[in-house]
Amino acid sequence: MAASTMNQFMHQALELAQLAADHDDVPVGCVIVKDGVVIASGENRREIDNDPTAHAEVVALRHAAAALGHWRLDGCTVIVTLEPCVMCAGAIVNARVDAVVIGASDEKAGAVGSRYNVLQDPRLLHEVAVTWDVESAASVELLQQFFAVRR
């Protein structure tokens, strides 16, 4: 995927992250692309849905599977504003996603290289290609603004 295309999709994910912040969830947004088209999206919804699994990636993966009519998301790319956690990275691997594009790293809970490397662990069933730091400054700024008023 070309850099300009990744940036375009990341801007869509950033808009979703802002929606999450608007309903008092940590601002993380995610879009899933197949064949150059967004097939699903999601934002963090833990607070609004009272669901500990309602991370942006899981929400988007559920929508993508429904859109494709199958749990296997071969040929799909997940574009997410913040490095996935262990739960989300595991779901991405199990969905057989081809690639992940990440905005900002998460030094506290990231499972794609910061703390763990779930997506490229050869002991697991599937490995996922990773691209880092796409629109990272915008992702970091959104997170910093969100937490500045809460801490």
Side-chain angles (χ1 to χ4, degrees), residues 1-21 25-47 49 51-65 67-68 70-147:
M1 183 180 301
S4 62
T5 305
M6 278 192 271
N7 289 345
Q8 173 190 347
F9 290 132
M10 185 61 76
H11 283 286
Q12 291 179 35
L14 285 163
E15 290 174 8
L16 292 162
Q18 183 59 60
L19 287 176
D25 273 285
V26 174
V28 179
C30 179
V31 297
I32 299 180
V33 176
K34 184 170 182 151
D35 300 325
V37 176
V38 174
I39 62 164
S41 63
E43 80 272 5
N44 269 2
R45 298 186 55 84
R46 292 183 309 167
E47 299 296 333
D49 291 350
D51 180 353
T53 69
H55 289 202
E57 302 93 327
V58 172
V59 171
L61 288 168
R62 289 175 181 154
H63 291 306
L68 296 177
H70 199 275
W71 65 269
R72 289 186 72 104
L73 302 181
D74 300 306
C76 291
T77 298
V78 169
I79 297 152
V80 62
T81 59
L82 182 65
E83 179 181 358
C85 69
V86 172
M87 175 184 69
C88 294
I92 289 165
V93 167
N94 283 307
R96 309 302 194 274
V97 168
D98 285 1
V100 172
V101 175
I102 298 168
S105 62
D106 184 351
E107 297 299 321
K108 293 182 180 178
V112 185
S114 293
R115 288 280 176 185
Y116 307 97
N117 196 354
V118 174
L119 297 188
Q120 296 178 327
D121 188 329
R123 297 170 295 178
L124 298 176
L125 297 171
H126 179 69
E127 291 184 50
V128 181
V130 177
T131 301
W132 286 92
D133 298 325
V134 175
E135 299 294 335
S136 61
S139 296
V140 168
E141 182 180 352
L142 191 55
L143 288 159
Q144 287 175 338
Q145 288 173 354
F146 179 81
F147 286 113

Closest heavy-atom pair and its distance - Val97, Val128: O-CG2, 3.5 Å

Side chain to side chain contact (heavy atoms under 4.5 Å, CB included) between Leu68 and Lys34, intermediate numbers included: CA-CA 10 Å; Leu68 296 177; Lys34 184 170 182 151; 4.3 Å; yes

From Ser139 atom OG to Gln144 atom CD, the distance as rounded to the nearest 0.5 Å: 11.0 Å

Close side-chain approach of Glu127 to Pro122, heavy-atom, < 4.5 Å: yes

Side-chain donor or acceptor of Arg96 paired with backbone N/O of Asn94 under 3.5 Å: yes

Non-hydrogen atoms of Ala40 and Ala64 that approach each other most closely: CB-N, 3.3 Å

Distance, nearest 0.5 Å, that separates CE of Met1 from OG1 of Thr77: 4.0 Å

Spacing of Met10 atom CE and Cys30 atom SG [to the nearest 0.5 Å]: 9.0 Å

Euclidean distance, Glu107 CD relative to Glu83 CD, rounded to 0.5 Å: 7.0 Å

Beyond-backbone contact of Val86 with Tyr116, side-chain heavy atoms, under 4.5 angstrom: yes

Interatomic spacing from CD1 in Ile92 to CG in Leu61 - rounded to 0.5 Å: 6.0 Å

Heavy-atom pair of closest approach, residues Gly90 and Val118: N-CG1, 4.0 Å

Steps toward side chain to side chain contact (heavy atoms under 4.5 Å, CB included) verdict (Met6, Ile79): CA-CA 8 Å; Met6 278 192 271; Ile79 297 152; 5.7 Å; no

Flag side-chain contact, heavy atom, 4.5 Å: Asn44 against His55: yes

Side chain Thr81, main chain Gly103, donor-acceptor under 3.5 Å: no

Residue pair Phe147 / Val26: nearest heavy atoms and the distance that separates them: CZ-CG2, 3.8 Å

Over all atoms of both residues, closest heavy-atom pair of Leu82 and Ile102: C-CG2, 4.1 Å

Worked check of side chain to side chain contact (heavy atoms under 4.5 Å, CB included) between Val112 and Val100: CA-CA 9 Å; Val112 185; Val100 172; 5.7 Å; no

Side-chain donor/acceptor of Asp106 to backbone N/O of Ala109, under 3.5 Å: yes

Trace of the side chain to side chain contact (heavy atoms under 4.5 Å, CB included) decision for Arg62 with Thr53: CA-CA 11 Å; Arg62 289 175 181 154; Thr53 69; 3.2 Å; yes

Which atom of Ala89 lies closest to which atom of Leu119, heavy atoms considered: O-CD2, 3.5 Å

Close side-chain approach of Arg45 and Asp51, heavy atoms under 4.5 Å: no

Any side-chain heavy-atom pair of His63 and Val59 under 4.5 Å: yes

